[in-house]
Amino acid sequence: MAHMTVQEAIDQALQEEMARDPSVILMGEGVATKRRHLVDAFGEERVRNTPLAEGIIAGTAVGAAATGLRPVIDLLFAPFLTLAMDELVNSAGKLRYLSGGQFSFPLVVIAMTGAGWCVGAQHNHNVEAWFAHAPGLKVVMPSCIDDFKGLLKAAIRDDNPVLFFVDIGLVYSTADLSEDLPDMSVGQAAVRRSGEDVTLISYAKTGGVCEQAAQSLASQGISAEVVDLRTLSPLDEKTIVASVRKTGRAVIVHEASRSCGVGAEVAAILAEHAHGALRAPVVRIAGPDVPAPASYPLEQAFVPQVDAVVGAARRLMG
Amino acid sequence: MAHMTVQEAIDQALQEEMARDPSVILMGEGVATKRRHLVDAFGEERVRNTPLAEGIIAGTAVGAAATGLRPVIDLLFAPFLTLAMDELVNSAGKLRYLSGGQFSFPLVVIAMTGAGWCVGAQHNHNVEAWFAHAPGLKVVMPSCIDDFKGLLKAAIRDDNPVLFFVDIGLVYSTADLSEDLPDMSVGQAAVRRSGEDVTLISYAKTGGVCEQAAQSLASQGISAEVVDLRTLSPLDEKTIVASVRKTGRAVIVHEASRSCGVGAEVAAILAEHAHGALRAPVVRIAGPDVPAPASYPLEQAFVPQVDAVVGAARRLMG
Amino acid sequence: MGIRRYEGRPDELLQAMLLIRHYEERTAALQAESGVPGTCTAVGQEAAAVGVVSALDEHDLILTNHRSAGHLLARGADPGRMLAEVMGRRGGYCGGKSGSLHISAKELGVVLTSTIVGGELALATGVGLSQKMLRRQGVVVCFFGDGAACEGRFHESLNLAAVWQLPILYVCENNQWQAFVHRRETMVNDSIAAFAAPHGIDSAAVDGNDVMAVRAVATEALDAIRVSGRPFLLETRTYRLRGHFEPDDQSYVDPAELASWRQRDPLPRLQARMLESGQVTAAGLTDMDADARRQIDTAVAFAVDSPFPDADALLTDVYA
Amino acid sequence: MGIRRYEGRPDELLQAMLLIRHYEERTAALQAESGVPGTCTAVGQEAAAVGVVSALDEHDLILTNHRSAGHLLARGADPGRMLAEVMGRRGGYCGGKSGSLHISAKELGVVLTSTIVGGELALATGVGLSQKMLRRQGVVVCFFGDGAACEGRFHESLNLAAVWQLPILYVCENNQWQAFVHRRETMVNDSIAAFAAPHGIDSAAVDGNDVMAVRAVATEALDAIRVSGRPFLLETRTYRLRGHFEPDDQSYVDPAELASWRQRDPLPRLQARMLESGQVTAAGLTDMDADARRQIDTAVAFAVDSPFPDADALLTDVYA
Ligand SMILES: Cc1ncc(C[n+]2csc(CCOP(=O)(O)OP(=O)(O)O)c2C)c(N)n1
Ligand SMILES: Cc1ncc(C[n+]2csc(CCOP(=O)(O)OP(=O)(O)O)c2C)c(N)n1
Ligand SMILES: [Mg+2]
Ligand SMILES: [Mg+2]
């Protein structure tokens, strides 16, 4: 076990996959500057700084993916994905289908998002749900260091386009990275803590919020199960439904805005497939439907807090 | 009452609002060609063909809206919005907030979407949920001719950016347009048909599907209430919840893909706020999570059909 | 049918142009008569397509857009499978899922067709990067319209190709129209080739209705790219003689402009030149025309016979 | 504090440049010492900002980006309200919601600041359209970086402004860096001004570290725009002497390049010229420096005293 930042775990994943497969390349505004060691290891051909133009970076990745390379692109902050939506949604997501299966698009898009740096809504906007609502794409958003490494490796090996979102609040957090990490695959949720009374469902930074809430609840005699979605598309419906069928109560937590977020999808799945088991209303604790402010206390107020999760779970217990 | 196409009703709305308010302008790829009569009425300054570049069309609208004009832009087909996401989401949706309220953005974006013309997924992709998941924007998607006119007028008068989606399947449908249309405002759902046993919730083209389903159900002794959302953001939660509290059952229908669609939000609202009243699982009948195919029978198979809605409602009745 | 090779003889080029012309007019007629889905035809632009495609070798790759029939047919596509695709039939190049707007045919090296205007420009650099990094032969040819040159992606693509030295032949088919907007309404200057220089790219503009001229300049450009590995921008100046998307009554088109370009129709122009120089007889021309027409008859029969896809095709080909 | 007017005297310009320099260095110091949020400073680029802004009249409007402090301060912004905004305080220009990256000040005509690179380019045409259609005086000045010139929006914006004849002065502050990427890595040619001509726009490039030269060419360009109503592209060639975003150790910067540009620091250059020509004494310079420093001291005190916004501010200013 090695103690390191999430950023370093991401680096390891890139390093290992680039070493394993010569068709993996890395492109982005500053990747060759910031990940100089990868240039040293794999050369300037495979680690490329780009012009400042997200659309063509993404388009280049899509074109390259269809013709033999496995590009990983770093588009920096999630709001910048707005400049690459055509390439990601209309090309990467649809051209396999529209061509009758002639092409596949093994590529990974990395982007940071979320509160923590007081940079405001043009750098901090959790748009992962957009891509869950776009066909042909997969969406991964890890909550812990092992998943950052393991799921990035899985995303690179996946033959489909994968959006890999990195929660800003976690980038420089440190933790122990497991040695002998098992091979992971995209699409599986994890039950982080087993419980009987209520299921707390979340992803990314709010995974930690839910684990803290579960501890607090435990001390109050409430047994909470904690489900970490890990992959937002395709969603692991089975794990979600099984947990809530067991506990009968669900609190869904994420930082992204509420309306049409991933939490809405989870709640809908529960309303459809766990209706009989639900002993209380489903509750969502989500970011408000407002842009993310820069001011520190406002940014904090945007993010779901442990207290709110604990309070919601207690209310559900009646 | 005049019989006309939806396209003509949209024209009337534009005509009336441009006559009423000289700051309303219309821009887009071909608007001056296709709506020559508006050029004749209001001049080339106010009705402008643009270069083929959705990003700058939208950006121009946003900049103009903040400084005294009320632009309406026609971006043709919804998938082309991918090229204007930065301007719509990061600028129109956020710069009021980030500037501490210094600017407002009265503008309307018109785009067509949906099945009916066999044009495939790069012209037919229902992305309205993306904008419901983006703060600061409003989203309207009418189902009937009166609403196409009345809500477009309301959207133009609204001081906020409004996405106005036109279902391709309705554009050339004809119907009687009410004279003396009352002033409408963005944000209100409509109960199209009152019922006791089950609520059918939908918008756009599937509104008609639900009304047909309700008729069919009536003949089978099931009384269905039909709710037309009309505005997808902000959602009229009150009307939705009140209806389902009354009927105890809900079938949500839309053509957009299921995952993280507007139907997910509606289902989540019901799971949160109508839990006690729900006598059966919530059901969503939505487009599949795949791109829209061009081939006629496949395109038809993509769209929710009356039979499926009737079947779902019957199953809920047990 | 595989990739079509050309020696560059006028009769070969004429034959390809006739096939395209008959294909396009037949799809338009089928639309008008039988409600077959509409298409974006490239009638009047056959020389621009055939001039460039005939200059390619079998390793070269093509990216195209909504107005692609000429490129595909010139490359050797089976008009039957093309029409089947237009009609949404199983026998189409994409199994009916594409319809006319995004037909790719990987077997012909026609990859990643996009109907998003400018879409192919964003993808071309990636294809060029693969060619370069995987040390493959073959230039990437990217066809796009004058309208696409208004999208910022055009510049982003040229710039990246220049910086990374990618083997891409950019071909702007400047047909004077962008759907229902005249090119003049969308740019101040008349030259699209002129956008190349500030990006550090060589360029040329050519009479796009003269197939031999197009072929000559395309050949030169391709040779230069094969040597230098650098991109090149070729503007073919031509005209869209039919409307944007069938049906289209062209009521918005200045009749004088249309008439003047009809005078420059690339087919009669090539035919006249061949007659003049004795490369063909009048009877020979009639035969060639009839032959192309027959091929289209066969194609229609194939397409009409091809079944629609099964319902379960709705859910396939989404993920690899 | 309102819009600042300039007669164009060197001492006025120097005063504005000193204020910016001290402001930027203080924000960097506050970041390093007190954990105040980081900023994108424009140390080394003061002449480019002051040269242009000092040439404006009170009707002109400014759009800027993440590296905006110089533009705002030159326009007369209160450094206290600027710093309060950086610190997320209620007394900031945007009530703390913006932070440093998108500070607008409508009262100064600094509108629609965007930290999306190229964002201001997409909005500028709309502001220009309002000016034109509402028959308002005032040119729209749009500041952006060499990096923004890589985004397609740059071209889309220039093109539309040319076609619609919008009164926009585009000012590219070519500071040789795009965050952690050198400009040379992102384009083949060295001239950004050269992109104007194919769009039908006039342009000029100027030594961006010579404030008098910048002011002169900006004045000329603005005069031309006021007469013609047409856009103009001005490239100011300058250098980002500090890092991209504080803290930044600039370890990736070639020390020789950095040193050579330090030699051309616009402040000592102007000071030396003023001394030489007798426009100021050494003591005068010392006084001016101390004065700017005092203004920043006052600003810091104001900002630190300004309270954070109330919690309910989270939900306000979303819809009009
Ligand atoms: C991004 C985008 N915007 C608009 C359209 C609608 N559209 C299809 S073709 C076309 C005109 C394209 O003009 P040009 O690039 O000159 O190609 P041409 O059709 O003339 O061959 C338009 C506006 C589209 N498909 N994609
Ligand atoms: C669309 C977008 N991409 C990337 C970024 C991250 N970023 C912020 S500033 C910057 C560099 C901008 O370079 P340039 O335009 O030259 O302006 P400068 O910072 O040099 O003033 C980058 C990459 C961003 N804010 N927006
Ligand atoms: Mg054209
Ligand atoms: Mg720069």
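No experiment lies behind these values; they were computed from the predicted model shown. Below, chain A is the first sequence line, B the second, and so on; all start at residue 1.
Residue contact with chain B, scored on non-hydrogen atoms closer than 4.5 Å, is absent for A:Leu81. The parts of A:Ile269 that come within reach of chain B are both its backbone and its side chain, each placing non-hydrogen atoms under 4.5 angstrom from that chain. Residue contact with chain A, scored on non-hydrogen atoms closer than 4.5 Å, involves the backbone and the side chain of B:Val290 alike. Of the atoms belonging to B:Arg96, not a single heavy atom falls under 4.5 Å from chain A. In this structure, the portions of A:His133 lying under 4.5 Å from any heavy atom of chain B include both its backbone and its side chain. Looking at A:Ala280, only its backbone comes within 4.5 Å of chain B, counting heavy atoms on both sides. The parts of A:Val262 that come within reach of chain B are both its backbone and its side chain, each placing non-hydrogen atoms under 4.5 angstrom from that chain. Heavy atoms closer than 4.5 Å to chain A are found in both the backbone and the side chain of B:Leu278.
Residues A:His125 and B:Lys94 form a side-chain contact, since some pair of their non-hydrogen atoms from C-beta on lies under 4.5 Å apart. Residues B:Glu87 and A:Thr82 have side chains not in contact (no heavy-atom distance under 4.5 Å, counting atoms from C-beta outward). B:Cys260 places none of its side-chain heavy atoms less than 4.5 Å from the side chain of A:Cys260.
Considering all non-hydrogen atoms of both residues, B:Glu265 and A:Ala264 come closest at OE1-CB, 3.5 Å. When all heavy atoms of A:Gly93 and B:Pro291 are compared, the closest pair comes out as O-CG, 3.8 Å. Between A:Ala292 and B:Tyr97, the shortest heavy-atom contact is C-CE2, 4.2 Å.
Within 6.0 Å of CZ on B:Arg314 lie no more than 12 heavy atoms contributed by other residues, nucleotides or ligands.
For chain B, the option among A:Gly120, A:Gly261, A:Gly136 with the highest count of heavy-atom pairs below 4.5 Å is A:Gly261. Between chain A and the options B:Ala268, B:Ser233, B:Pro288, B:Ala294, heavy-atom pairs under 4.5 Å are most frequent for B:Ala268. If you tally non-hydrogen atom pairs under 4.5 Å between each of A:Leu98, A:Leu88, A:Asn126 and chain B, the highest count goes to A:Leu98. Here A:Pro281 is the residue among A:Ala267, A:Pro281, A:Ala271, A:Ala274 with the most heavy-atom pairs under 4.5 Å with chain B.
Taking CD of A:Gln122 as the reference point, atom CG of B:Leu95 lies at 5.0 Å (rounded to 0.5 Å).
A side-chain donor-acceptor contact under 3.5 Å links A:Asn90 to the backbone of B:Pro79. At least one donor-acceptor pair closer than 3.5 Å links the side chain of A:Glu272 to the backbone N or O of B:Arg284.
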